[in-house]
**Student:** 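One structure, as structure tokens, below. Some questions next.
Bear in mind that the values here come from a model prediction, so they are computed numbers and not experimental data. Both backbone and side-chain heavy atoms feed into the values below; hydrogens, waters and symmetry mates do not.
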Amino acid sequence: TGLSIIDQTAVATRMLIDSSGNVGIGTNNPASILHIEGNTNGYNTSPLLYFGSTSTANAGVRDWAIGPADSAYGNFHIFRGASTGASPIGTAGTVFTIDNAGQVGLGGLGYFAPAAPLHINSSNNQHILLSGSASPYIRWQEGSTNKAYIQWNAGGWLDLVNEEVS
């Protein structure tokens, strides 16, 4: 029960609003307020959200897309167009990936398979930027126990601190 938009040529429901107000695109049984479903084996059938811009005010304007689409199966991506008005969809536009094991790949332009829980791929020497008004640091923990940290201190020194030593 609800409102359906039907493609009479393909004899298929393309969108449905059920009696609870849930919207289904590609599904007749929406499980949430907005449920988009499609075949993730190809970019043209995947349930992607596409954010396009008609602006030409700046050469930095890009179209973006998000969703699960690739031949690696089970991955989720954020895609960016290479130039103003260019489609972001495809392996060349991948800038962020969460793979089917939960590993995160960030950076570059083009798909790469994350090889660690956080894998940053960059073509320049600035891979991670820590910024703050106080001394920024990277901390290692085992469970909830602090083990060590690297910190740039206010005196201009890089400290490597082993927190297991008293």
Side-chain angles (χ1 to χ4, degrees), residues 24-27 30-165:
I25 299 173
T27 179
S32 63
I33 292 171
L34 176 61
H35 181 158
I36 303 171
E37 195 166 295
N39 182 340
T40 60
N41 294 346
Y43 294 101
N44 61 338
T45 58
S46 292
L48 296 174
L49 291 178
Y50 190 108
F51 303 91
S53 175
T54 58
S55 174
T56 57
N58 184 291
V61 173
R62 299 290 182 266
D63 288 1
W64 293 81
I66 61 173
D70 63 22
S71 58
Y73 307 109
N75 295 346
F76 181 85
H77 304 286
I78 297 178
F79 304 95
R80 180 186 72 205
S83 60
T84 302
S87 173
I89 299 171
T91 56
T94 306
V95 294
F96 178 89
T97 298
I98 302 173
D99 73 10
N100 60 13
Q103 298 187 129
V104 174
L106 177 64
L109 185 58
Y111 175 74
F112 68 95
L118 176 60
H119 184 160
I120 299 172
N121 183 25
S122 178
S123 60
N124 62 35
N125 292 329
Q126 182 177 316
H127 294 186
I128 299 174
L129 172 64
L130 300 175
S131 178
S133 57
S135 301
Y137 63 90
I138 299 172
R139 180 179 303 279
W140 285 264
Q141 289 184 309
E142 185 176 296
S144 61
T145 303
N146 293 334
K147 295 294 186 176
Y149 65 90
I150 296 175
Q151 179 177 32
W152 184 260
N153 66 39
W157 298 94
L158 186 62
D159 296 328
L160 173 59
V161 179
N162 180 348
E163 295 183 301
E164 292 189 308
V165 177

**Student:** Counting neighbours of CD1 on I33 that are heavy atoms of other residues, nucleotides or ligands and sit closer than 6.0 Å, is the number greater than 12?
**Tutor:**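 For I33, atom CD1 is not crowded (no more than 12 foreign heavy atoms under 6.0 Å).
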**Student:** Please tabulate, for side-chain N and O atoms in residues 52-60, each donor-acceptor pair with protein atoms closer than 3.5 Å (sequence neighbours left out).
**Tutor:**
unit_1, atom_1, unit_2, atom_2, d
S53, OG, S55, N, 3.1
S55, OG, A57, N, 3.2
N58, OD1, G60, N, 2.5

**Student:** Under the rule for ring-ring contact (aromatic ring centres under 6.0 Å, His included), what residues qualify as partners of Y149, not counting sequence neighbours?
**Tutor:**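 Per chain and number, Y149 pairs via ring-ring contact (aromatic ring centres under 6.0 Å, His included) with Y137.
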**Student:** Would you say the side chain of D63 lies within less than 4.5 Å of the side chain of P88, judging by non-hydrogen atoms?
**Tutor:**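 Of all side-chain heavy-atom pairs linking D63 with P88, at least one is under 4.5 Å.
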**Student:** Could you report the tightest heavy-atom contact between N146 and R139, atom names first, then the distance?
**Tutor:**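 Of all heavy-atom pairs spanning N146 and R139, the closest is OD1-CD, 3.2 Å.
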**Student:** Just so I know, are the side chains of L158 and Q151 near enough to count as touching, which here means a heavy-atom distance under 4.5 Å?
**Tutor:**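 The answer is no, as the side chains (C-beta and beyond) never meet within the 4.5 Å cut-off.
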**Student:** Hey, what do you get for CH2 (W152) to CH2 (W157), rounding to the nearest 0.5 Å?
**Tutor:**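 If I round to the nearest 0.5 Å, the distance is 9.0 Å.
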**Student:** If you take all heavy atoms of I78 and I66, which pair is closest and at what distance?
**Tutor:**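 Scanning both residues completely, I find the closest heavy atoms to be CG1-CG2, 3.7 Å.
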**Student:** Starting from the C-alpha separation in whole Å, work towards a yes-or-no answer on side-chain contact (heavy atoms from CB on, under 4.5 Å) for I25 and E37.
**Tutor:** CA-CA 6 Å; I25 299 173; E37 195 166 295; over 6 Å; no
**Student:** Determine yes or no for a side-chain-to-main-chain donor-acceptor pair under 3.5 angstrom, with D159 supplying the side chain and I150 the backbone.
**Tutor:**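 No, D159 side chain to I150 backbone: no donor-acceptor pair under 3.5 Å.
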**Student:** Within the distance-only criterion (no hydrogens, no angle test), does the side chain of T45 pair as donor or acceptor with the backbone N or O of G38 below 3.5 angstrom?
**Tutor:**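 Checking the backbone N and O of G38 against the side chain of T45, no donor-acceptor pair under 3.5 Å is found.
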**Student:** Under a 4.5 Å cut-off applied to non-hydrogen side-chain atoms, are S87 and F79 in contact?
**Tutor:**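 S87 vs F79: side chains apart.
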**Student:** P47 versus P68: any side-chain heavy-atom pair under 4.5 Å?
**Tutor:**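 P47 vs P68: side chains touch.
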**Student:** Does Q103 reach the main-chain N or O of P114 with its side chain, forming a donor-acceptor pair under 3.5 Å?
**Tutor:**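 Yes: the side chain of Q103 pairs with the backbone of P114.
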**Student:** Just to verify, what does L106 make a side-chain contact (heavy atoms from CB on, under 4.5 Å) with, not counting sequence neighbours?
**Tutor:**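 Partners of L106 by the side-chain contact (heavy atoms from CB on, under 4.5 Å) criterion, ordered by chain and then number, come out as F96.
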